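Notes for the one structure printed next.
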Amino acid sequence: MRYWLMKSEPDTFSLDDLQSRPGQKEPWDGIRNYQARNFMRDDMQKGDQVLFYHSNCKEPGVVGLAEIASEAAYPDPTQFDSKSDYFDPKATKDKPRWLLVDLRYKAHFKRPVTLSQIREEPKLADMLVIRKGQRLSIQPVEKAHYEHICKIGGQK
DNA sequence: GCCAACGTTGGC
DNA sequence: GCCAACGTTGGC
(Lines give C-alpha, C1' and ligand atoms only; values in the text may rest on other atoms or scores of the structure.)
Protein backbone atom coordinates (compact mmCIF):
# COMPACT_ATOMS: atom_id res chain seq x y z
CA MET A 1 0.00 0.00 0.00
CA ARG A 2 1.18 3.49 -0.85
CA TYR A 3 0.55 6.90 0.62
CA TRP A 4 -0.24 10.14 -1.18
CA LEU A 5 -0.98 13.78 -0.68
CA MET A 6 -3.64 15.23 -2.95
CA LYS A 7 -4.40 18.93 -3.20
CA SER A 8 -7.72 20.58 -3.74
CA GLU A 9 -8.89 24.14 -3.51
CA PRO A 10 -11.64 24.12 -0.91
CA ASP A 11 -13.60 26.79 -2.80
CA THR A 12 -13.77 24.35 -5.70
CA PHE A 13 -13.95 20.99 -3.94
CA SER A 14 -13.38 20.55 -0.23
CA LEU A 15 -13.16 17.53 2.03
CA ASP A 16 -16.70 18.41 3.17
CA ASP A 17 -17.80 18.16 -0.46
CA LEU A 18 -16.23 14.71 -0.75
CA GLN A 19 -17.97 13.60 2.44
CA SER A 20 -21.36 14.70 1.12
CA ARG A 21 -21.06 12.99 -2.27
CA PRO A 22 -23.14 9.87 -2.93
CA GLY A 23 -21.19 6.96 -1.51
CA GLN A 24 -18.70 9.57 -0.24
CA LYS A 25 -16.91 9.01 -3.54
CA GLU A 26 -15.79 11.29 -6.34
CA PRO A 27 -13.97 10.78 -9.64
CA TRP A 28 -10.89 13.00 -9.33
CA ASP A 29 -11.14 14.71 -12.70
CA GLY A 30 -9.22 17.62 -14.14
CA ILE A 31 -5.66 16.49 -13.48
CA ARG A 32 -3.69 17.95 -16.41
CA ASN A 33 -0.12 17.38 -15.40
CA TYR A 34 1.84 14.46 -16.80
CA GLN A 35 3.75 13.67 -13.64
CA ALA A 36 0.55 13.55 -11.60
CA ARG A 37 -1.10 11.45 -14.29
CA ASN A 38 1.77 9.01 -14.30
CA PHE A 39 1.50 8.55 -10.55
CA MET A 40 -2.16 7.63 -10.99
CA ARG A 41 -1.45 5.36 -13.93
CA ASP A 42 1.66 3.60 -12.69
CA ASP A 43 1.67 3.66 -8.92
CA MET A 44 -1.76 4.11 -7.44
CA GLN A 45 -3.78 1.15 -6.27
CA LYS A 46 -7.15 0.71 -4.69
CA GLY A 47 -6.87 1.18 -0.95
CA ASP A 48 -3.92 3.56 -1.06
CA GLN A 49 -4.22 6.16 1.67
CA VAL A 50 -4.49 9.87 0.90
CA LEU A 51 -3.76 13.02 2.87
CA PHE A 52 -6.40 15.48 1.70
CA TYR A 53 -4.79 18.90 1.39
CA HIS A 54 -6.54 22.24 1.03
CA SER A 55 -4.57 24.68 -1.11
CA ASN A 56 -5.01 28.28 -2.19
CA CYS A 57 -6.97 29.18 0.89
CA LYS A 58 -6.64 31.04 4.15
CA GLU A 59 -5.03 28.19 6.09
CA PRO A 60 -3.45 25.70 3.69
CA GLY A 61 -2.87 22.24 5.11
CA VAL A 62 -3.95 18.63 5.47
CA VAL A 63 -7.56 18.56 6.69
CA GLY A 64 -8.25 14.83 6.70
CA LEU A 65 -8.01 11.47 5.02
CA ALA A 66 -9.30 9.77 1.92
CA GLU A 67 -8.45 6.62 -0.01
CA ILE A 68 -8.21 5.45 -3.59
CA ALA A 69 -11.49 3.75 -4.46
CA SER A 70 -11.03 2.65 -8.08
CA GLU A 71 -9.11 -0.47 -9.06
CA ALA A 72 -6.97 1.53 -11.43
CA ALA A 73 -6.78 4.82 -13.24
CA TYR A 74 -9.22 5.22 -16.14
CA PRO A 75 -9.85 7.90 -18.78
CA ASP A 76 -11.04 11.25 -17.46
CA PRO A 77 -14.31 11.90 -19.35
CA THR A 78 -13.97 15.68 -19.09
CA GLN A 79 -11.16 15.63 -21.67
CA PHE A 80 -13.72 14.67 -24.35
CA ASP A 81 -16.33 17.24 -23.33
CA SER A 82 -15.98 20.41 -25.38
CA LYS A 83 -18.04 22.31 -22.81
CA SER A 84 -15.75 21.38 -19.95
CA ASP A 85 -12.94 23.56 -18.66
CA TYR A 86 -10.83 20.42 -18.85
CA PHE A 87 -11.56 19.73 -22.52
CA ASP A 88 -8.48 18.65 -24.46
CA PRO A 89 -8.91 18.76 -28.25
CA LYS A 90 -5.89 16.50 -28.70
CA ALA A 91 -7.38 13.66 -26.69
CA THR A 92 -9.42 10.97 -28.43
CA LYS A 93 -11.40 8.05 -27.06
CA ASP A 94 -8.96 5.69 -28.75
CA LYS A 95 -6.02 7.57 -27.33
CA PRO A 96 -7.06 9.27 -24.12
CA ARG A 97 -4.42 11.56 -22.75
CA TRP A 98 -5.71 12.08 -19.20
CA LEU A 99 -6.70 9.68 -16.48
CA LEU A 100 -8.37 9.82 -13.11
CA VAL A 101 -8.98 7.70 -10.05
CA ASP A 102 -11.94 7.62 -7.68
CA LEU A 103 -11.43 9.06 -4.24
CA ARG A 104 -13.38 7.99 -1.17
CA TYR A 105 -13.83 9.99 2.01
CA LYS A 106 -12.38 8.56 5.18
CA ALA A 107 -12.22 11.15 7.95
CA HIS A 108 -11.71 14.72 9.01
CA PHE A 109 -8.78 15.34 11.31
CA LYS A 110 -9.68 16.55 14.78
CA ARG A 111 -7.28 19.38 14.09
CA PRO A 112 -6.12 20.30 10.57
CA VAL A 113 -2.37 20.03 10.12
CA THR A 114 -1.38 23.35 8.64
CA LEU A 115 1.39 24.00 6.18
CA SER A 116 3.22 26.07 8.78
CA GLN A 117 3.02 23.19 11.28
CA ILE A 118 4.50 20.86 8.68
CA ARG A 119 7.32 23.34 8.10
CA GLU A 120 8.04 23.58 11.81
CA GLU A 121 8.18 19.83 12.44
CA PRO A 122 11.69 18.47 11.88
CA LYS A 123 10.36 14.94 11.29
CA LEU A 124 8.46 16.25 8.26
CA ALA A 125 11.29 18.29 6.79
CA ASP A 126 11.62 16.01 3.75
CA MET A 127 8.01 16.21 2.67
CA LEU A 128 7.59 17.36 -0.92
CA VAL A 129 4.76 19.71 -0.05
CA ILE A 130 7.11 22.10 1.72
CA ARG A 131 9.76 21.99 -0.98
CA LYS A 132 10.13 25.33 -2.68
CA GLY A 133 8.33 25.64 -5.99
CA GLN A 134 6.61 22.29 -5.56
CA ARG A 135 3.25 22.55 -7.29
CA LEU A 136 2.33 18.97 -8.04
CA SER A 137 -1.27 18.30 -7.05
CA ILE A 138 -0.56 14.61 -6.44
CA GLN A 139 2.52 13.76 -4.41
CA PRO A 140 3.85 10.51 -3.01
CA VAL A 141 4.23 10.52 0.78
CA GLU A 142 6.42 8.29 2.93
CA LYS A 143 4.65 6.04 5.39
CA ALA A 144 6.40 7.60 8.39
CA HIS A 145 5.36 11.06 7.24
CA TYR A 146 1.80 9.92 6.68
CA GLU A 147 1.62 8.44 10.16
CA HIS A 148 3.14 11.48 11.78
CA ILE A 149 0.68 13.83 10.06
CA CYS A 150 -2.16 11.60 11.29
CA LYS A 151 -0.77 11.76 14.80
CA ILE A 152 -0.58 15.55 14.79
CA GLY A 153 -4.08 15.70 13.33
CA GLY A 154 -5.44 13.59 16.16
CA GLN A 155 -6.31 10.72 13.84
CA LYS A 156 -5.09 7.29 14.72
C1' DG B 1 -3.78 40.91 -5.85
C1' DC B 2 1.19 39.96 -6.27
C1' DC B 3 4.67 37.30 -7.95
C1' DA B 4 8.15 33.35 -7.86
C1' DA B 5 8.51 28.98 -9.68
C1' DC B 6 7.56 25.91 -12.93
C1' DG B 7 5.29 23.52 -17.07
C1' DT B 8 3.83 23.90 -21.80
C1' DT B 9 3.67 25.73 -26.39
C1' DG B 10 5.27 26.85 -30.72
C1' DG B 11 8.39 29.37 -33.90
C1' DC B 12 12.68 28.71 -35.73
C1' DG C 1 16.08 20.54 -30.06
C1' DC C 2 16.37 25.30 -28.24
C1' DC C 3 14.28 28.76 -25.77
C1' DA C 4 11.22 32.92 -25.35
C1' DA C 5 6.64 33.73 -24.33
C1' DC C 6 2.89 32.53 -22.00
C1' DG C 7 -0.21 30.23 -18.58
C1' DT C 8 -0.86 28.14 -14.07
C1' DT C 9 -0.09 27.14 -9.25
C1' DG C 10 -0.38 28.46 -4.78
C1' DG C 11 1.65 30.82 -0.65
C1' DC C 12 1.56 35.14 1.17
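If you're wondering where the values come from, they're calculated on a predicted model, not measured in any experiment. We name chains A, B, ... by the order of the sequence lines, and we start the count at 1 in each one.
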> For A:Tyr86 and A:Trp28, what are the C-alpha separation, side-chain angles and deciding distance, and is it a ring pair (Phe, Tyr, Trp, His ring centres under 6.0 Å)?
Replying inline: CA-CA 12 Å; A:Tyr86 301 127; A:Trp28 207 248; over 10 Å; no

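Summary of the strand contacts: A:Arg32 and A:Arg135 both lie near DNA chain B, and taking for each the nucleotide with the nearest heavy atom, the more 5' one is attributed to A:Arg135.
One interatomic measurement links the two molecules: CD1 of A:Ile130 to P of C:dC12, which rounds to 11 Å at whole-angstrom precision. Atom-to-atom, CD of A:Glu9 to C1' of C:dT9 comes out at 8 Å; the value is rounded to the nearest Å. Remark: C1' of B:dT8 and CD of A:Gln35 are 14 Å apart, rounded to the nearest angstrom. Summarising the geometry, the separation between CG on A:Leu115 and P on C:dG10 is reported as 11 Å, rounded to the nearest angstrom. Regarding A:Arg131, its CZ atom lies at a distance of 18 Å from the C1' atom of B:dA4, rounded to whole Å. Atom C1' of nucleotide C:dC12 and atom CD of A:Glu59 are separated by 12 Å, given to the nearest angstrom. Look at CG on A:Asp11: it is 13 Å from P on C:dG11, rounded to the nearest Å. Atom OH of A:Tyr86 and atom P of C:dT8 are 12 Å apart (whole Å).
Checking C:dG10, B:dG7, B:dG10 against every side-chain atom of A:Asn56, the shortest atom distance belongs to C:dG10. For A:Lys90, taking side-chain heavy atoms from C-beta onward, the closest of the listed nucleotides C:dT9, C:dG11, B:dG10 is B:dG10.
Considering only side-chain N and O atoms, A:Tyr34 lies nowhere under 4.0 angstrom from the phosphate OP1 or OP2 of B:dC6. For the pair A:Lys132 and B:dA4, the criterion of a side-chain N or O lying under 4.0 Å from OP1 or OP2 is not met.
Among the heavy atoms of the strands lying under 4.0 Å from A:Arg119 are primed sugar atoms or P, OP1, OP2 only; no base atom is included.
Taking the six-membered ring for Trp and thresholds of 30 and 60 degrees, A:Tyr105 and A:His108 have ring planes inclined between 30 and 60 degrees apart.
Panel note: side chain A:Ser8, backbone A:Phe13; a donor-acceptor pair is recorded below 3.5 Å. A donor-acceptor pair is defined here as one N or O able to donate and one able to accept, closer than 3.5 Å; such a pair exists between the side chain of A:Glu121 and the backbone of A:Lys123. A:Asn38 places no side-chain N or O within donor-acceptor distance of the main-chain N or O of A:Gln35, the cut-off being under 3.5 Å.
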